Chemist: 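Attaching a single structure in structure tokens format; questions to follow.
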Amino acid sequence: MGAGKTTLGLQVAERLGRRFFDLDHEIEKGLGRAIPELFAERGEAAFRVIEAERTIDLLRSERPSVLALGGGAVETPKVRQALREHALCVFVEIEPDEAWERVRRSDRPLAQDPESFRALFERRRELYEASADARARDADGVVLAAGGVHVEVGALEHLGQLVPGEGRLALVADANVAGIYGPAAQVALGQRLASTHDLPEGERAKSLSAVERLWAELRLDRDGALVALGGGCTTDPVGFVAATYLRGVSWVAVPTTLVGQVDAAIGGKTGTNLEQGKNLVGAFHWPARTIIDPGVLETLAERQHREGLAEVVKTGLLVGAPLWELPLPELVRRCAAYKTAVCLRDPREAGERAVLNLGHTFAHALEVGSSNAISHGEAVALGLLAALRLSGLPEQVEVVERVLDPKPARADRERAWAALNRDKKRAAGKTRLVLLDEPGKPRYGVELPDEDVRRELDRLIAG
Ligand SMILES: NC(=O)c1ccc[n+]([C@@H]2O[C@H](COP(=O)([O-])OP(=O)(O)OC[C@H]3O[C@@H](n4cnc5c(N)ncnc54)[C@H](O)[C@@H]3O)[C@@H](O)[C@H]2O)c1
Ligand SMILES: [Zn+2]
């Protein structure tokens, strides 16, 4: 009571594209009576029976929704059971004093004096904690919980408690990351750890030969899980191995790069490269949990940090807030929450997940045009410039120039244009772009005349 469940629930429902029900409101609507009246007329016991029925009905409904439970609903054992069976339950954390401040002037029957309110709060707290699958303080926190994403500085130290399930675990990392964080991860995983495996560093890990070696080395049962510790070049192929080994086992992503924490380890896209091109083989396979410890970013090289910063600026533009200015742990949390929400709304990339490609059509063209001489991050920074210029947002162009300072790419103009047009063919003869109506308001599938697109691509290329 007083935790702000209704406000939060509405925000979360909107961000996840789900329906929202506030249980108190549903009960009042159904009976045509306000809750204080119900309490006065029929007493608390009768109210709890009505509340439980309606709550369980909604929990059993087929379409996923966001429910804000009444503060006392968990006191009914049947409700607790339905929660276990049908819901991901998030405990909205709040201090009793703060909650009291919010409800003291309300007409809620159980919030009449501070002493009994606090006693009630303490009595229920245990039930809340026992029923909760996760805890959160704001909408980002609830979204992250819904996606199985845990963000916490120091999480690596108690990895064992955060990895769900009971089965044996196989830990996979590239040699570099294994050298820095392997020992700590092994200690934290303890008895459940069955084996450790090395991957080559960088894109070489995203190859069928590396994947095949992992398949051959693994000795997991169906209830086992892979733990991928590293950047996107680790989580991508390990997620793919998890999707395919024994026709699919569970996996846990522990991203250690900024790219991994704000992008690659979230959303369930896994895969590997072929000689014919990047990411041509893969599967959608959402990790059982993504465990993000922003503390490990301390050892990341400046160059790698900049790679991630380009995606952070992209995310800030999509959110409409300067996320890049936040302290690192909060920056990671906000970006991870944004990507989680978009991917939960569109898990198989049927539509709106395309917004995450802001700047990326140009970026891919530049990567091809430069034969990958420029990095993905540099290409994205340039791609954002083009997308923002075409969106008519000069102030945001300045932001990208100031924060990412992209330099025109040394690239072959014709090859870059040809690459951009290959993307175009895939989209039925039209160049489909992601643009911004304004910061925070992306639009995808936008068609523009060839000459405008070509002009903006050319501006990104040196000489
Ligand atoms: N699946 C997706 O949705 C998705 C999204 C974005 C990118 N990706 C993929 O991610 C890949 C790029 O990932 P990346 O940029 O994380 O590269 P990466 O995994 O190659 O890591 C970069 C380098 O940083 C080192 N490193 C990692 N963590 C470290 C740490 N904490 N301290 C010190 N060094 C550390 C690694 O050893 C490596 O040398 C690309 O292949 C891309 O296609 C996938
Ligand atoms: Zn990218």
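Note that this is a predicted model, so its numbers are computed, not measured. Start at 1 and go down the list; that is how both ligands and their atoms are numbered.
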Chemist: Under a 4.0 Å heavy-atom cut-off, what residues line ligand 1?
Modeler: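 Lining ligand 1 at under 4.0 Å, by heavy atoms, one finds D174, N176, V177, I180, Y181, E201, G202, E203, K206, G231, G232, C233, D236, T256, T257, V259, D263, A264, K269, K278, N279, V296, T299, L300, Q304, K339.
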Chemist: Give a yes or no on whether a salt bridge exists between R168 and D223, defined as a side-chain N under 4.0 angstrom from a carboxylate O.
Modeler: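 Here R168 does not pair with D223 in a salt bridge, since their nearest N and O are not under 4.0 Å apart.
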Chemist: Would you call K407 and D405 a salt bridge, using N to O less than 4.0 angstrom?
Modeler: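 Between D405 and K407 there is a salt bridge, with a charged N closer than 4.0 Å to a carboxylate O.
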Chemist: Whether E330 and R333 form a salt bridge (side-chain N of Lys/Arg under 4.0 Å from carboxylate O of Asp/Glu) is what I want to check.
Modeler: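 Answer for the salt bridge query: yes.
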Chemist: Is E349 salt-bridged to K269, going by a charged N under 4.0 Å from an acidic O?
Modeler: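 Salt bridge: yes.
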Chemist: Any salt bridge linking E307 with R303? Criterion: basic side-chain nitrogen under 4.0 Å from a carboxylate oxygen.
Modeler: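 Here E307 does not pair with R303 in a salt bridge, since their nearest N and O are not under 4.0 Å apart.
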Chemist: Is R454 paired with E414 through a side-chain N to carboxylate O contact shorter than 4.0 Å?
Modeler: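 Salt bridge between E414 and R454, a charged N being under 4.0 Å from a carboxylate O: yes.
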Chemist: Going by the rule salt bridge (charged side-chain N to carboxylate O under 4.0 Å, His left out), which residues pair with E401 if we only count those two or more places apart in sequence or in a different chain?
Modeler: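 If we apply the salt bridge (charged side-chain N to carboxylate O under 4.0 Å, His left out) test to E401, skipping adjacent residues, the hits are R389.
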Chemist: Inside 2.8 Å of the Zn ion (ligand 2) but strictly below it, how many protein N/O/S atoms are present?
Modeler: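 The number of such protein atoms is 3.
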Chemist: For R443, does the CZ atom have more than 12 heavy-atom neighbours from other residues, nucleotides or ligands under 6.0 Å away?
Modeler: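 Atom CZ in R443 is not packed in, count stays at 12 or less.
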Chemist: Keeping to residues at least two apart or across chains, list the ring-ring contact (aromatic ring centres under 6.0 Å, His included) pairs with something in residues 126-177.
Modeler: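 Checked against ring-ring contact (aromatic ring centres under 6.0 Å, His included) - neighbours excluded - the pairs reaching residues 126-177 are F91-Y128.
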